[in-house]
Each structure stands twice: as C-alpha cells, then as structure tokens.
Amino acid sequence: MLGRTANGLFWMFRYLERAENTARLLEAALRMALTRDVVTAEAEWRSVIATLGLQRLYEAAHDSYDGTTVWNFVLRGASNPGNVRAMFGTVRSNARESRINISSDVWEAVNENWMRLDRLLARPVGQSAVGEVLAAIRRAGTQVHGAFDGSILRDEGYHFARAGTFIERADSTARILDMKYFLLLPSLSYVGSSLDTGQWEQVLRSVAGARVYSWLNAGQIEARGIVEFVVLDDRFPRSLAFCRNALRDCLGALARTHGVEGSAVALMREADTRISHLTVDQIFEQGLHEFLVDFLARNNAIARAIAGDYRFHA
Amino acid sequence: MQARGTNFDEMFDGAGNTRPAYAEYCRWYHEQPPEFLRRKNREADDTFRRTGITFNVYGENEAEERLIPFDMVPRIITAAEWRKLSKGIEQRVRALNSFLYDLYHRQEIVRAGRLPERLLRGNDAWLANMVGFTPPGGIYTHIVGIDLVRTGPDEFFVLEDNARTPSGVSYMLENRETMMGMFPDLFSRIGVESVSNYPRRLARSLAACVPPAFGGGKPTVAVLTPGIFNSAYFEHAFLADQMGAELVEGSDLRVTGGRVQMRTTSGYKPIDVLYRRVDDEFLDPLTFNPDSVLGVPGIMDVYRSGGITIANAPGTGVADDKAIYSFMPEIVEFYTGERPLLPNVQTWRCADKDSLAYVLDNLAELVVKEVHGSGGYGMLIGPTSSRREIAAFREKLVAKPDNYIAQPTLALSTCPIYTAKGLAPRHLDLRPFVLVSPEGIDITPGGLTRVALKKGSLVVNSSQGGGTKDTWVLKD
C-alpha cells in the first residue's frame with residue numbers, strides 16, 4: 001500500500017472519530033444546559049470550547065458563551081477551520097483519495113453521510129434542530145464503521161484505519177477527563193460525598209458511558225469508580241485501556257504484515273511498562289492530571305511514530 | 001449550433017416507424033407505466049450522486065463536483081453496423097500507431113511527400129526526445145478513443161482521434177451498471193454485448209507491454225493521476241480499482257536505481273507500467289514544464305533506458321491534433337495500403353491560403369476549432385454565433401491561421417432522450433474505446449454515447465452541459 005494512502009486512511013478515521021466525539025461532547029453539554037441554571041450552563045459551554053482546544057479562536061470571534069453560539073462555532077463556524085462540517089469534508093476527500101483501498105460500501109456510507117451533513121450544516125443550526133444534527137453526526141460514524149467492519153479486507157489498510165480510530169478516541173477521552181479532573185479529585189477524602197454527582201455524570205455522558213456505568217454500578221455515581229471505568233476498564237470501548245489494547249493489536253498486526261517492528265511498537269512497550277499495571281489509587285496518587293498529560297504525550301508520540309514507520313510522508 | 005435539414009434519427013425512420021434495432025426496446029418502453037419511468041429517471045440521478053460518479057468542472061468555485069447527466073434511453077447499434085465500424089476503427093488505430101513509429105524514426109511519410117514537414121516542426125505535441133526511441137512492444141497508443149458522428153444510415157464519420165489520454169470509459173461502464181440495476185428485465189429480453197470486462201482487458205493489455213527492466217513475476221501497474229481535484233479523478237480511481245493497480249500521484253514517485261519507484265508503507269517499489277492520466281508537459285519537470293508538481297523528475301530518462309513503460313507513450317499527441325487529423329485519409333492509406341473504411345469530416349486547414357480565404361468568407365456557416373483544443377473550448381460555431389462573436393473570432397483566426405481548422409456544420413444524427421414530456425430527439429456522437437497491445441487491437445463493443453441535452457444543440461461535451469447514454473451493441 002502507498003504511504004500516502006495509509007496516511008489517508010489513518011486520518012480519515014481520525015476525523016470520523018473526532019466528529020463523532022465532538023457530537024457526543026455537545027450532546028452532553030446540551031443536556032446539562034437544559035437541566036441547570038444559566039451560570040452552570042455557561043461554564044459547561046466554556047468547558048466544551050476548552051476541551052476542544054478552541055478558546056483562542058472562539059474568543060477572537062465571540063465575547064460570550066451561550067449554547068447556540070458555541071455549537072454553531074464548533075459545528076460550522078467560519079472562523080473555526082476545524083469545524084465538524086470541515087471534518088466531514090476531510091473524511092470524504094481522504095476517502096476519495098483512498099478510494100481503491102476502501103470498499104464501495106464504505107465509500108457510499110461516507111459519501112451519503114457527507115451529502116446529508118453538508119446540507120444540514122450549510123445553514124445556522126437552531127435550538128430545535130441541534131439534536132437532530134448531533135444524532136446525524138453520530139449516526140454517520142456508526143454507519144461508516146458498520147460498512148467498514150462488514151466489507152474491508154483485513155490487510156494493512158484495515159489496521160491503519162483502526163489505529164487512527166483508537167489514537168483519536170484515546171486522545172478525546174483523555175482530554176475530556178482532563179478537563180473535568182478537578183471535579184473527580186475530592187473523592188478520596190469525600191467518600192459518599194454530597195458533591196455534585198450531576199457533574200460527574202456529565203463526564204460519563206461525554207464519553208457515552210453513563211448508562212453502562214450506571215448499570216455496572218447499580219446506579220452509584222462516585223468519582224473513583226468513574227475514573228476506574230473510563231481509564232482502566234478494558235470492556236468499555238471508549239476507555240483508555242480499551243483504546244490501548246486495540247492500538248496494540250493494530251501495531252502487532254502491522255508488524256507481522258511487514259515482517260519488522262517499527263518504532264511505534266517500541267513506544268507502545270515503553271508506555272505499557274509505565275502505565276499498564278497502574279491501579280486507580282496509584283493514578284490518584286501520582287495525580288490524575290499528570291497521568292493524563294503523560295498519556296496524551298505518549299499517544300501522540302505513537303501516532304507520529306506510525307507515520308514515520310510506514311512512510312506516510314515523503 | 002443548430003442542425004439544419006432533416007437529421008437521421010437512430011430510433012425512428014422518416015415515416016415515424018421504429019427502426020429494427022430499437023423494435024424490442026420500444027415494445028418494452030410502451031409496456032412500462034409512465035409513473036414507473038418517471039420514478040426510475042429520478043432514481044438514476046440519486047444513484048450517480050451516491051456512488052460519487054462525478055467530474056469537476058474547471059473554473060467552477062472550489063472545483064465543484066458535478067454529475068454528468070445520464071439519459072436512460074439507450075443508444076442501440078446492430079451487430080452488422082458494429083462489425084463495419086470496428087473494422088474501420090481497427091484500421092485507423094493500426095495506422096495511427098504505424099504513423100507514430102514512423103514520425104519518431106525515418107519519417108517515410110514526409111520523405112514520400114505525403115505530409116508537409118512543417119506540421120511536425122511547428123507541432124507543440126512533438127517530442128524531440130522520442131526520436132529514435134521505440135516504446136516497449138512498439139506500442140504508442142495503448143488506449144485510444146475514436147469520436148464518431150453519424151449523418152445517415154451508412155454514413156459514419158470520424159470527428160476526432162483521441163490518442164493522448166482519452167477519458168470517459170468509466171461512464172461507459174457505470175452507465176451499463178446503472179441500466180442493469182434499473183431495468184434488469186430489459187437485459188433478459190434483449191441480447192446486449194457486455195462491456196464489463198474492459199478493466200480486465202486494459203490490465204492485460206498494459207501488462208503485455210512490460211519494459212526491458214521488468215524483473216519477472218506479476219508486473220506492477222500503476223495509474224498516475226494529478227489528484228482528487230482533477231476533473232477525471234473519479235475515472236482514475238475507478239480504473240485503478242477495477243484493474244487492481246495502484247493509484248499514484250507525482251509526490252508518491254521518485255527515480256532511484258534506474259527505475260521509477262512508488263513510496264509504499266514498506267519502502268520504495270518499482271513500477272513496470274505506468275498508465276498516466278497526466279499530460280506530456282507535466283510528466284517530467286526535468287524535461288518539460290519545470291513548474292510541474294504532477295509528474296516525476298527523471299521519468300523520461302528511465303523511460304528511454306527501458307526502466308518503465310508509459311501508456312500512452314509521450315509524444316503521441318502529435319498524431320491527434322486537428323491539423324494532422326485532416327491528413328488521416330492519406331495516413332491510413334500510406335501505412336495500411338488500403339482505402340480508409342471510415343471517412344473524415346471535410347476539413348479546411350486554415351494554414352492553407354485558399355482554405356483560409358474560403359473559411360473567412362463562410363464563417364457564419366462553419367465550425368472553427370483550435371488545432372490543439374479539446375472539450376469544446378475555444379471554438380466558433382458559426383450558425384449560432386452573433387456577428388460580434390464572429391468578428392472577434394475572425395481577428396484571432398487572421399492573426400494565427402495555423403492554429404485553426406474549419407469544418408461544415410454537420411447534420412448529426414439524433415436519438416430520443418427521456419424528458420418529462422416523453423421521448424424527444426437530441427443530437428449525439430459515439431466514442432468507442434480501443435486497446436492496443438502486442439497481442440492485437442481490442443475494441444470494446446459500443447463505447448460512450450454523448451448526447452446534447454438542449455433541443456437542437458450539437459455540442460455534446462460534458463463540460464458544456466452534454467449528457468451520456470448507455471450504448472448497446474446487439475448480439476447477432
């Protein structure tokens with residue numbers, strides 16, 4: 001496979017994942033804003049922009065944080081080049097560029113969803129439409145992944161696409177957690193505290209884990225359990241542990257295909273020795289924020305190593 | 001341009017009776033409930049949009065993608081008509097290849113006084129560094145598209161030879177797929193020659209032309225595209241996909257060890273045959289346009305030393321410009337020793353004084369084309385142009401007469417298209433696709449029918465709003 005094509009597949013799935021994660025983040029914030037007072041709502045919209053790393057761009061264009069402004073900025077803002085509409089444009093142009101390495105099913109799923117979303121996002125998204133738009137973004141991800149799983153040859157292209165998916169997902173989960181880490185910290189001293197469990201639930205909702213967490217824990221919401229679930233539970237497909245396992249599998253499969261282990265595998269091993277056997281208590285001890293910063297840096301380094309190992313660029 | 005006089009219609013004769021080729025189709029058509037046809041017609045557009053069969057129009061905002069309108073009424077050719085046509089096409093393509101070999105070797109045709117030397121010296125498509133070089137297998141034009149027009153029952157003319165990088169074959173294939181998807185019962189009622197193995201034949205044809213440096217095993221074939229913003233990108237990806245070839249861009253390639261190599265995830269790998277969809281002048285910045293980022297620096301040296309096969313060969317454009325076109329009858333006769341089976345359209349070469357005088361006197365009646373133009377750009381269609389347009393064109397023509405040829409406004413044949421108000425005749429042409437390899441000349445039955453969608457219009461180019469039809473060659 002061409003290095004450029006591998007790069008195209010990797011980023012096609014990163015952007016697809018990013019769009020979906022962004023939609024989940026907005027959905028969670030939207031729910032929060034609807035059920036809370038104005039001050040909390042504004043803080044929540046502020047935190048969405050911060051989680052996405054868009055503060056500077058946002059504040060250059062707007063002077064207040066309200067829902068409609070935030071989601072329009074994130075979804076389709078002209079002053080935000082990384083908006084969701086542009087992400088889907090990139091997904092589609094990468095799919096076109098990798099056309100011979102994806103199936104017609106995948107291509108048509110990408111193309112149809114792009115047509116739909118591009119139309120939905122062509123005009124400002126109002127209060128009554130935003131729910132439908134966010135659902136359509138999530139559905140696009142589901143449909144492309146479904147077509148992908150059912151029709152793609154399990155060769156290197158498959159693994160590059162999956163590596164992109166899990167690098168991006170781990171990045172997103174870690175960022176969301178890091179943005180709220182201060183909410184989760186007091187749990188060590190306040191067991192069964194009267195703290196705002198609604199805020200903690202918000203963390204779970206942003207990573208689409210609220211229902212399954214509550215089912216596993218019989219409805220008990222507490223910070224330590226949430227961190228354990230989102231970081232360490234390898235049954236939960238958006239947890240850091242799950243993403244790392246999936247990524248490890250991709251790197252292993254790529255190494256077998258190529259008959260040689262690249263630098264990404266070495267970085268993965270190093271990360272494994274450092275963070276694989278940590279318990280949630282050890283993570284709190286070293287500091288959740290510090291842990292997440294280290295995790296994000298390692299995740300990024302692995303992504304760069306993949307690009308180098310497999311000649312994504314000339 | 002408006003057709004004048006009575007046109008030959010492919011479906012109906014002068015008395016309004018259905019011609020035999022269309023008899024069964026028309027029976028079927030009239031059995032279909034009108035609402036069913038209306039619904040199918042809407043569906044066709046959705047199919048093309050969903051599958052992304054689009055082309056980009058130059059000069060549009062942000063290289064906007066557009067659909068080439070598809071008309072669901074097929075263009076039907078009988079087996080007997082096709083046998084005749086394919087003989088004429090084969091003869092012409094054979095002559096084109098011999099002509100190119102001769103031009104870049106001894107130039108017997110010039111020595112024999114049958115072709116003026118100035119047509120070569122002044123020709124922009126002429127490549128001096130092809131002189132004395134014989135491409136692998138002796139093949140210059142691996143893929144040719146011959147544009148045909150019809151004016152009567154037995155009157156087919158060659159309007160243009162496309163010997164550089166003819167496009168449109170993906171529409172031929174997708175139109176058939178779409179038709180079979182929409183109307184499966186039609187194909188069980190009527191025996192139609194299949195076109196679907198074109199990509200396999202193309203792959204075989206290309207693999208038969210490996211260069212001397214080929215190391216054995218399965219030849220590595222790649223399609224070179226300018227990238228996703230090119231108007232024909234869909235076709236490049238489509239063909240690479242169907243052939244099982246890599247789809248490469250200039251930035252994927254470099255020259256090392258005397259080979260052109262592509263950057264794969266496991267290192268650089270040599271390419272044996274490159275089906276390039278990039279024009280000559282962009283192919284090698286070291287040899288041609290130094291600003292080109294679409295090509296591969298040094299590829300021409302590799303080519304000349306036998307490290308790669310380039311299809312079509314660089315320099316083939318010299319055989320298909322419109323000034324050479326006017327000599328095709330002589331060219332066919334010179335190299336095949338036979339009378340041309342397919343006639344040319346009468347052509348005035350404006351480089352000739354007498355012809356120029358005639359053309360200037362009759363501008364309002366003629367079609368004037370640039371010698372190197374294509375896609376329907378830069379031409380004058382006398383009968384539909386205003387006096388101001390004609391006057392402006394006259395100045396360009398007088399300033400550089402060598403750059404133009406003129407042809408009569410032909411009474412192109414028509415075939416009905418489906419419209420909201422039922423069937424309506426529109427003008428059309430036909431581009432059959434021809435593969436040339438050391439194993440022989442292979443013509444896919446049918447080709448791409450391009451159809452003008454505006455009533456009376458004679459311009460069928462997709463860039464000017466033309467559409468396409470599925471093209472059927474009936475089985476005997």
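Chain identifiers are assigned alphabetically (A, B, ...) following the order of the sequence lines, protein sequences preceding nucleic acid strands; residue numbering begins at 1 within each chain.
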What are the two closest heavy atoms between B:S251 and A:A314, and how far apart are they? O-CB, 4.4 Å
Would you say that B:T264 contacts A:Y310 through its side chain, given a criterion of any heavy-atom pair below 4.5 Å between the two side chains? no
Rounded to the nearest 0.5 Å, the OG1 atom of B:T265 sits from the CG atom of A:N7 at a distance of 12.0 Å
Nearest 0.5 Å, what's the CG-CD distance between B:D46 and A:E112? 9.5 Å
Flag if over 12 foreign heavy atoms under 6.0 Å of CZ, B:R201: yes
Within 6.0 angstrom of A:R154 CZ, more than 12 heavy atoms from elsewhere: yes
Taking every heavy atom of B:A237 against every heavy atom of A:I100, the minimum-distance pair comes out as O-CG2, 3.3 Å
Atom pair CD1/CG of A:I102 and B:D241 - distance to nearest 0.5 Å: 9.5 Å
Is the backbone of A:R311 close enough, under 3.5 Å, to the side chain of B:R263 for a donor and an acceptor to pair up by distance? yes
Pick one of side chain, backbone, both or neither for A:D309, based on which atoms fall under 4.5 Å of a heavy atom in chain B. backbone
Answer key: most heavy-atom pairs under 4.5 Å with chain B among A:E108, A:M115, A:R4, A:H258 is A:R4
Which one of B:E249, B:E246, B:M262 has the most heavy-atom pairs closer than 4.5 Å to chain A? B:E249
Looking at every heavy atom in both A:E97 and B:Y233, which two are closest together, and how far apart are they? CA-OH, 3.2 Å
Side chain to side chain contact (heavy atoms under 4.5 Å, CB included) assessment of B:V248 paired with A:L2: CA-CA 8 Å; B:V248 299; A:L2 293 175; 3.7 Å; yes
Can you tell me if A:R274 has over 12 outside heavy atoms packed within less than 6.0 Å of its CZ? no
Hey, is the main chain of B:F238 close enough, under 3.5 Å, to the side chain of A:R99 for a donor-acceptor pair? no
Examine whether an atom of A:F312 lies under 4.5 Å from a heavy atom of chain B, and if so say whether it belongs to the side chain, the backbone or both; otherwise answer neither. backbone
